[in-house]
Amino acid sequence: MKITGITKITGVFGYPVKHSLSPVFHNAAFRYLNLDYVYIPIEVAPENIGNAVKGIKAMNFAGVNITVPYKTTVMPYLDEIDADAKMLCAVNTLVNKEGKIKGYNTDGHGFIRSIKERGITLKDKTIFLLGAGGAACAVADALVKENVGKICICNRTDQKAITLKEHLLKTRNFQGGCVVPFAQKNNEEYWGNVDILINTTSIGMQEYDLPLVEERFIKPLKLVYDIVYNRETDIIKFAQKAGVPFIDGLSMLVYQGAVAFEFWTGITAPVEEMKKAVGLDR
Ligand code: NAP
C-alpha cells in the first residue's frame, strides 16, 4: 500500500484494539479499489477519548470506527448523531464532513445486509433473541424495521430483556416483543413457532462456554445467527450438523464495516474482497 501526501486516513478507536480485524478487511478493500485511503487501529485511553475526537478534525481524518468501550461514551463529543444511533444510544462509525463529526451505528444495517445476501426474508418471522446488551439492541431495532412478526428476548438478567422489549414498544411501537425468562430458555413452550435463533451474548467467545440453548431446538429452524466472531460456536456447530442455514459474526463484522466504508468513500464496498481478507470465502 502506497501512502502519499494526500492519503485519506480512517481507523478504529478502541481500548484495546490490537486484535481488531477491521484493518485487515478495510485496507484490503482500499487496495482492491486502488483508493488512496488507509485504515489504522488506534488505542485510545479512556481519559483521551474526547481529545481523540478533536484529533479527527485536527488531522482531517475521513472518519473512524468506534469500538468497545466507547460506543456510548464518545457521543457527547460529536457534532451530530444520526437518529437511529441516538435511539440506540451507541455509535460505531464517525464521519468527518467538512470539519463536523457525525456519528452513525452500522451494526444493524450490517446485520440485515448479511441476512438478505443469503436470500432469507425476515418479514413476519418469529425470532428467539439471546441477549439484551448493546449489540442485541441494534439487532432488535434492525429486525423491527424489517417487519419481523415476533421477537422473544431471553437474557441472563431478565430485567434487561424486559427493558429492551419496552424500548422497542416505545421507540418503534413494536407490539411483537415478548420475554423468555432465562431459567426457562430450554422450555419447549417457547420454541414451537421460532424461525430464527440469534445469539447476541458473548457466550461462545471462550472455548469453555456451554451453549445457552439445547441442540434439539435447532433442527426445525430456518436460520441460526451467532454474532460472536472469534471462533465457531456450539450453536453454529449444531446448525451445521442439522443442515440448518447459519451465519456467524464475521459476516456481520464485514458488513457493518462495508456500511462504514461507504459512508467514508461514497463508493460501494467490495464485500467479496473484504470477506476474502478475513477468510470468509473458505
Ligand atoms: P454487552 O452490551 O456487554 O452485552 C453482553 C451480553 O452478553 C448481555 O446480554 C449479557 O447478559 C450477556 N452475557 C455475558 N456473559 C454472560 C453469561 N455468562 N451468561 C449469559 N449471558 C451472558 O456486549 P455487546 O456489545 O452487546 O456484545 C455482545 C457480543 O456480540 C460480544 O461477543 C461481541 O464481540 C459481539 N459483537 C459482534 C459484532 C459483530 O459485528 N459480529 C458487533 C457487536 C458485538 P447480562 O445482560 O445478563 O449481563
Side-chain angles (χ1 to χ4, degrees), residues 12 14-26 65-74 85 88-93 104-115 117 128-143 151-167 179-186 197-214 224-236 246-261 269 271 274-275 277-280:
V12 55
Y15 190 72
V17 286
K18 56 177 175 288
H19 299 301
S20 174
L21 287 174
S22 297
V24 177
F25 60 76
H26 277 293
N65 286 131
I66 298 293
T67 188
V68 179
Y70 301 126
K71 287 183 173 187
T72 301
T73 53
V74 76
L88 299 169
C89 296
V91 296
N92 74 341
T93 301
Y104 297 88
N105 193 316
T106 67
D107 277 340
H109 292 151
F111 172 79
I112 297 295
R113 259 171 83 168
S114 66
I115 293 178
E117 176 207 55
F128 195 107
L129 181 70
L130 286 166
C137 193
V139 162
D141 186 65
L143 289 168
I151 305 179
C152 304
I153 308 164
C154 179
N155 192 54
R156 177 179 60 175
T157 311
D158 289 327
Q159 183 53 46
K160 278 172 68 180
I162 297 168
T163 304
L164 178 53
K165 179 191 138 183
E166 286 168 356
H167 172 81
V179 170
V180 177
F182 192 70
Q184 289 174 43
K185 58 189 178 304
N186 285 304
L197 167 65
I198 303 169
N199 176 47
T200 68
T201 74
S202 44
I203 290 296
M205 287 181 78
Q206 309 293 339
E207 217 165 306
Y208 55 76
D209 283 340
L210 295 172
L212 292 176
V213 297
E214 290 172 10
V224 171
Y225 200 135
D226 197 330
I227 78 164
V228 165
Y229 58 79
N230 65 318
R231 57 185 293 277
E232 194 175 68
T233 63
D234 285 330
I235 64 165
I236 292 292
F246 62 90
I247 306 179
D248 68 24
L250 263 185
S251 287
M252 177 166 161
L253 190 73
V254 166
Y255 277 94
Q256 63 75 33
V259 180
F261 179 99
V271 174
M274 295 166 90
K275 284 186 186 171
V278 292
L280 255 180

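Ligands are counted one by one from 1 in listed order, and the atoms in each one are counted from 1 as well. Values below: all heavy atoms of this structure, side chains included; hydrogens, waters and symmetry mates excluded.
Looking only at distances, no side-chain donor or acceptor of Asn105 sits under 3.5 Å from a matching main-chain atom of Ala85.
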For ligand 1, run through the N/O pairs with the protein that fall under 3.5 Å and put one pair on each line.
{"unit_1": "ligand 1", "atom_1": "2 (O)", "unit_2": "Gly134", "atom_2": "N", "d": "2.9"}
{"unit_1": "ligand 1", "atom_1": "7 (O)", "unit_2": "Ser202", "atom_2": "N", "d": "3.4"}
{"unit_1": "ligand 1", "atom_1": "9 (O)", "unit_2": "Ala132", "atom_2": "N", "d": "3.1"}
{"unit_1": "ligand 1", "atom_1": "9 (O)", "unit_2": "Asn155", "atom_2": "OD1", "d": "2.6"}
{"unit_1": "ligand 1", "atom_1": "11 (O)", "unit_2": "Asn155", "atom_2": "OD1", "d": "3.3"}
{"unit_1": "ligand 1", "atom_1": "18 (N)", "unit_2": "Arg156", "atom_2": "NH1", "d": "3.3"}
{"unit_1": "ligand 1", "atom_1": "26 (O)", "unit_2": "Gly134", "atom_2": "N", "d": "3.3"}
{"unit_1": "ligand 1", "atom_1": "26 (O)", "unit_2": "Ala135", "atom_2": "N", "d": "2.8"}
{"unit_1": "ligand 1", "atom_1": "40 (O)", "unit_2": "Leu253", "atom_2": "N", "d": "3.4"}
{"unit_1": "ligand 1", "atom_1": "41 (N)", "unit_2": "Ile227", "atom_2": "O", "d": "2.9"}
{"unit_1": "ligand 1", "atom_1": "41 (N)", "unit_2": "Gly249", "atom_2": "O", "d": "2.9"}
{"unit_1": "ligand 1", "atom_1": "46 (O)", "unit_2": "Asn155", "atom_2": "ND2", "d": "2.8"}
{"unit_1": "ligand 1", "atom_1": "46 (O)", "unit_2": "Lys160", "atom_2": "NZ", "d": "2.7"}
{"unit_1": "ligand 1", "atom_1": "47 (O)", "unit_2": "Arg156", "atom_2": "NE", "d": "3.1"}
{"unit_1": "ligand 1", "atom_1": "47 (O)", "unit_2": "Thr157", "atom_2": "N", "d": "3.0"}
{"unit_1": "ligand 1", "atom_1": "47 (O)", "unit_2": "Thr157", "atom_2": "OG1", "d": "2.5"}
{"unit_1": "ligand 1", "atom_1": "48 (O)", "unit_2": "Arg156", "atom_2": "NH2", "d": "2.8"}

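Taking the six-membered ring for Trp and the full ring otherwise, Phe111 and Tyr225 have centroids separated by under 6.0 Å.
The shortest side-chain heavy-atom distance between Leu197 and Leu130 falls under the 4.5 Å cut-off. A heavy-atom distance below 4.5 Å is not found between the side chains of Asp248 and Tyr229.
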Using side chain to side chain donor-acceptor pair (under 3.5 Å), reason through Ser22 and Asn65 one step at a time and then give a plain yes or no. CA-CA 9 Å; Ser22 297; Asn65 286 131; 4.7 Å; no

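A search for salt bridge (charged side-chain N to carboxylate O under 4.0 Å, His left out) contacts involving Glu214 returns Arg216, not counting sequence neighbours.
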